[in-house]
Structures are given as structure tokens and as C-alpha cells.
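Order of the sequence lines fixes the chain letters, A, B, ..., with proteins taken first and strands second; residue numbering starts at 1 for each chain.
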There are 2 protein chains.
Amino acid sequence: MRKEYSHPIEVTMDVVCGKWKGVILCHLQQNDVLRFGEIKKLLPKVSQKTLTLQLRELEADGLINRQVYPQVPPKVEYSLTEYGKDLEATLTHMSEWGKSHVEKVELNG
Amino acid sequence: MRKEYSHPIEVTMDVVCGKWKGVILCHLQQNDVLRFGEIKKLLPKVSQKTLTLQLRELEADGLINRQVYPQVPPKVEYSLTEYGKDLEATLTHMSEWGKSHVEKVELNG
DNA sequence: TACCTTAGTTACAATATTGTACCTTCTTGC
DNA sequence: GCAAGAAGGTACAATATTGTAACTAAGGTA
């Protein structure tokens with residue numbers, strides 16, 4: 001199951017490079033705690049199944065906590081772990097870079 | 001062709017999240033200039049075709065320069081653009097995080 | 001003349017990742 | 001009894017991403 005990595009950045013990329021993982025992490029960074037449905041509203045284009053999958057993977061990799069309340073209807077809250085918070089600077093930096101990239105592309109038509 | 005992004009981090013992820021792009025960028029960060037064949041040696045598992053593709057995409061996104069010398073046999077050199085260098089801090093941070101993640105996983109067996 | 005070299009290209013195959021549509025749970029409100 | 005609500009699970013379909021293997025260019029070398 002465990003892969004061989006030739007460079008440590010591959011590990012991070014493995015963990016962060018799902019189609020929605022970056023955005024999910026950013027939102028959790030800004031909101032502390034979010035319920036499943038709230039995340040879904042923040043990412044209107046993601047499907048139920050895929051969102052679940054991305055969250056489970058982030059959980060398995062130790063980036064987020066999944067707190068289940070035994071209620072009906074169910075309530076599940078997600079938040080960053082301490083470990084996930086170590087990525088905050090990186091995520092912020094990636095967002096900034098993305099912002100300037102968009103601006104650059106818009107300038108060059 | 002241009003996609004709609006709901007969050008700037010998606011832009012960066014789009015640009016950086018190829019299977020080999022992170023490692024390629026890291027190596028270019030440490031070596032300034034590398035020929036195609038040198039990169040290939042640094043990433044023994046990547047195929048010819050995929051490496052070409054990843055490099056072309058990085059070039060199209062403005063992260064790397066592609067310098068072709070009109071010789072036979074051909075000589076092509078790759079290097080980071082100024083723009084690509086803006087990602088250095090991010091890449092370094094991602095590598096560090098990856099390193100500690102590996103250590104953590106090894107501890108928890 | 002046959003062969004080596006580097007940085008590709010091309011057609012085709014195999015994987016991996018996402019998405020769609022519909023099913024499930026159990027309790028409260030009407 | 002019947003629908004609603006939140007957070008999924010499942011089977012199956014559609015894309016997207018990588019990989020394989022073989023082919024090319026053009027000059028130097030044996």
C-alpha cells in the first residue's frame with residue numbers, strides 16, 4: 001500500500017492534489033469547523049460522492065478531523081488537525097500565487 | 001479553454017499538480033539549468049512521453065523556460081522563469097511538510 | 001553504409017479519477 | 001402512514017491522466 005517516493009514533495013502532492021482538496025483545506029482554514037452540508041454549499045460543483053471521498057482521504061492522511069454526532073438526521077463536523085494547520089502557510093502562499101497568475105493571464109489576453 | 005475557478009488556490013493546483021511537476025520544479029530549483037536527459041535521469045520512473053508533456057505544460061503556464069539549441073543531436077535546456085521562482089518558498093515548504101509526514105507515518109507504523 | 005546520439009512524436013492500451021442516479025437510515029412533524 | 005432531513009453508500013458510466021512500444025531527424029563515427 002505504501003508507495004515509494006523519490007522526493008519528499010511527492011508526499012505532500014499525493015496528499016493535497018485531489019481536485020477539491022486544496023479548496024476544502026482553505027475553507028477549513030478560514031472557518032475552523034464546518035459541517036458536511038456547509039462544505040457542499042461552499043463547493044456547489046462537487047458531487048456528494050466525490051466530496052465524501054476527498055474528505056475521507058484527507059482524514060486518512062491526518063489533515064482533518066471528522067467528528068460524528070450520533071443523531072438523526074446525522075451531523076458530522078470537519079476541522080483541521082494540528083498537523084493540517086502546518087500547511088496553512090503553504091496554502092496561503094499557493095492562493096496568493098494563484099491570484100497573481102490569474103491577473104497575469106488576464107493581462108496577456 | 002479557460003476554466004472557471006471558485007478559489008485562487010485551484011489555479012495553482014491546476015498548474016502544479018501533475019504527477020511529476022512538483023519534483024521537476026524542485027530539481028530545477030536546485031540546479032538552475034537542466035537538459036531533458038538530465039531531468040530524465042533524476043526521475044528514472046517517468047516515461048519519455050509523460051516527461052515531455054509535463055514540461056510542455058509547465059512551459060505553457062509560464063513556470064519554466066525551454067531553450068532549444070539548433071544542433072544535432074538536439075540540446076534542450078530547461079530552467080525556472082522568474083515567475084516560477086515565486087513558487088520556491090511554497091515548494092520548499094511542501095517538501096518539508098512531506099518529510100515530516102513520512103516520519104510521522106513511519107512512527108505510527 | 002550501418003549505427004549512435006538526443007529530444008522528441010504517434011497510435012494505442014491501461015489506470016485512475018470524477019461524476020450520475022438512485023438507495024438507505026431513523027426520528028420528528030403533519 | 002408519509003414526507004423531510006443530513007450524510008452517506010453503490011453500481012455503473014464517462015473523463016482524464018499515464019504508460020508502452022515503436023518511429024523520426026540529421027550529423028558524426030567506425
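Among the protein residues, A:Glu38 comes within range of no part of the nucleic acid, since none of its heavy atoms lies under 4.0 Å from any strand. Residue contacts for A:Thr52: at a heavy-atom cut-off of 4.0 Å it reaches the sugar-phosphate backbone alone, with no base atom in range.
Between the side chains of A:Asp61 and A:Tyr83, no donor-acceptor pair of N or O atoms lies under 3.5 Å.
Distance CG (B:Leu51) to C1' (D:dT18): 13 Å, rounded to an integer number of Å. Between the NZ atom of B:Lys75 and the P atom of C:dC4 there is a distance of 23 Å, given to the nearest Å.
The side chain of A:Arg56 lies closest to D:dG9 when the candidates are D:dT20, D:dA26, D:dG9. Among the nucleotides D:dG8, D:dG19, C:dG19, the one closest to the side chain of B:Trp20 is D:dG19. Of all nucleotides listed (D:dG19, D:dA6, C:dC26), C:dC26 comes nearest to the side chain of A:Val72. With distances taken from any side-chain atom of B:Gln48 to the nucleotides C:dA7, D:dA7, C:dG19, the minimum falls on C:dA7.
The pair A:Glu82-A:Lys85 counts as a salt bridge, with a side-chain nitrogen and a carboxylate oxygen less than 4.0 angstrom apart.
In this structure, B:His101 has its ring center under 6.0 Å from that of B:Trp97.
Residue-to-nucleotide proximity on DNA chain D shows that, of B:Leu53 and A:Pro73, the 5′-proximal contact is made by A:Pro73.
Residue B:Lys19 places at least one side-chain N or O under 4.0 Å from the OP1 or OP2 atom of D:dG19.
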